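Because the structure is predicted, anything quoted here is derived from the model rather than measured. FYI, side chains are in, hydrogens and waters are out, and symmetry mates aren't considered; it's all heavy atoms of this structure.
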Amino acid sequence: QVQLVESGGGLVQAGGSLRLACAASGRTFSSYTMGWFRRAPGKEREFVGAINWSAGRTDYADSVKGRCTISRDNAKNTVYLQMNSLTPEDTAVYYCAARQGVFTRRYPNEYDYWGQGTQVTVSS
C-alpha cells in the first residue's frame with residue numbers, strides 16, 4: 001500500500017527556515033503528482049504547492065510563492081518542502097499527499113493518499 005511519511009517539522013522563529021520531507025513508498029510514483037497542504041487550527045486544509053514527480057514541474061499557492069521550494073529526490077522517493085522567511089501565519093500541520101496523474105492539482109479532494117502530518121510552529 002502507498003505510505004507517505006512527513007518529517008522535519010518543529011519550532012522555528014519568525015524569519016527562519018525549515019525543510020520538510022515526505023518519504024513515499026509502496027508504489028512507483030513516476031506518473032504521480034505530490035502535493036503539500038497545511039491545516040491551521042480551526043481552518044480547512046490549504047494548498048501550499050505541488051510537484052509533478054517525473055518532470056519536476058511545480059505549482060505554488062500565492063501565499064507562499066517566492067518563499068517555498070518543492071523538490072524531489074527520485075532515488076530516495078522523497079519530496080521536500082523548503083520554507084523560508086517563515087511567519088506565525090505559517091503555523092500549521094503540514095501534510096504530504098499524492099495523486100495519480102502528471103498535472104498538479106490544488107484541492108485536497110483531488111488527492112488519494114495522505115501522510116499523517118508534521119507540525120510546524122513559527123514563533124514571533
Side-chain angles (χ1 to χ4, degrees):
Q1 68 275 28
V2 171
Q3 185 175 16
L4 308 176
V5 180
E6 302 96 333
S7 62
L11 176 65
V12 63
Q13 292 183 332
S17 299
L18 210 58
R19 189 180 74 162
L20 308 183
C22 173
S25 62
R27 195 70 51 87
T28 298
F29 293 95
S30 59
S31 63
Y32 276 65
T33 293
M34 306 296 293
W36 285 98
F37 293 80
R38 64 186 182 185
R39 175 181 281 170
K43 307 289 289 185
E44 298 291 321
R45 289 187 186 184
E46 176 190 28
F47 175 75
V48 177
I51 186 169
N52 164 268
W53 197 288
S54 60
R57 296 185 179 92
T58 54
D59 182 33
Y60 300 99
D62 289 341
S63 60
V64 302
K65 192 174 298 181
R67 300 190 297 118
C68 294
T69 302
I70 298 176
S71 60
R72 88 282 198 227
D73 186 330
N74 289 344
K76 295 181 178 180
N77 261 16
T78 300
V79 296
Y80 301 93
L81 174 63
Q82 176 71 43
M83 301 186 291
N84 304 317
S85 301
L86 289 165
T87 75
E89 296 298 316
D90 296 312
T91 295
V93 177
Y94 283 71
Y95 297 90
C96 177
R99 69 178 300 274
Q100 200 284 322
V102 298
F103 298 106
T104 57
R105 295 289 185 264
R106 293 189 164 203
Y107 295 94
N109 61 11
E110 296 177 306
Y111 288 78
D112 302 307
Y113 307 101
W114 293 85
Q116 83 288 347
T118 185
Q119 176 71 46
V120 171
T121 303
V122 184
S123 62
S124 59

Where S124 and A14 come nearest, the two heavy atoms and their spacing:
CA-CB, 4.3 Å
Residues forming a side-chain hydrogen bond (donor to acceptor under 3.5 Å, both in side chains) with R67, sequence neighbours excluded:
D90
If the condition is side-chain contact (heavy atoms from CB on, under 4.5 Å), which residues does S123 pass it with, not counting sequence neighbours?
L11, Q13
Taking salt bridge (Lys or Arg N to Asp or Glu O under 4.0 Å) as the cut-off, I'd like each qualifying pair that reaches into residues 110-124, sequence neighbours left out, listed once.
R105-E110
How does the hydrophobic cluster around V5 look, that is, which other residues are in it when side-chain heavy atoms under 4.5 Å mark a link?
none
Could you give all pairs that pass the side-chain hydrogen bond (donor to acceptor under 3.5 Å, both in side chains) test and reach residues 39-49, with sequence neighbours left out?
R38-E46
Applying side-chain hydrogen bond (donor to acceptor under 3.5 Å, both in side chains), name anything that partners S54, two or more places apart in sequence or on another chain.
N52
Tell me every residue that passes side-chain hydrogen bond (donor to acceptor under 3.5 Å, both in side chains) with S17, counting only those two or more places apart in sequence or in another chain.
N84
Under the rule for salt bridge (Lys or Arg N to Asp or Glu O under 4.0 Å), what residues qualify as partners of K76, not counting sequence neighbours?
none
Distance (rounded to the nearest 0.5 Å) between Q3 CD and C22 SG
10.0 Å
Looking at residues at least two apart in the chain, or sitting in another chain, which of them share a ring pair (Phe, Tyr, Trp, His ring centres under 6.0 Å) with Y95?
none
With no hydrogens and no angle check, is any side-chain donor or acceptor of T87 less than 3.5 Å from a backbone partner on E89?
yes
Identify, with sequence neighbours excluded, every residue that meets side-chain hydrogen bond (donor to acceptor under 3.5 Å, both in side chains) alongside T121.
Q119
Give a yes or no on whether the backbone of C96 and the side-chain of E6 come within a donor-acceptor separation of less than 3.5 Å.
yes
Nearest heavy-atom contact between T78 and A23 is OG1-CA, 4.0 Å
Which Ile, Leu, Val, Met, Phe, Trp or Tyr residues join F103 in one cluster when any pair of side-chain heavy atoms under 4.5 Å counts as a link?
V102
Members besides V12 in its Ile/Leu/Val/Met/Phe/Trp/Tyr cluster (side-chain heavy atoms under 4.5 Å):
V2, L4, L18, L20, F29, Y32, M34, W36, V48, I51, W53, Y60, V64, I70, V79, L81, M83, L86, Y94, Y113, V120, V122
I need the Y111 OH to R106 CZ distance, nearest 0.5 Å.
9.5 Å
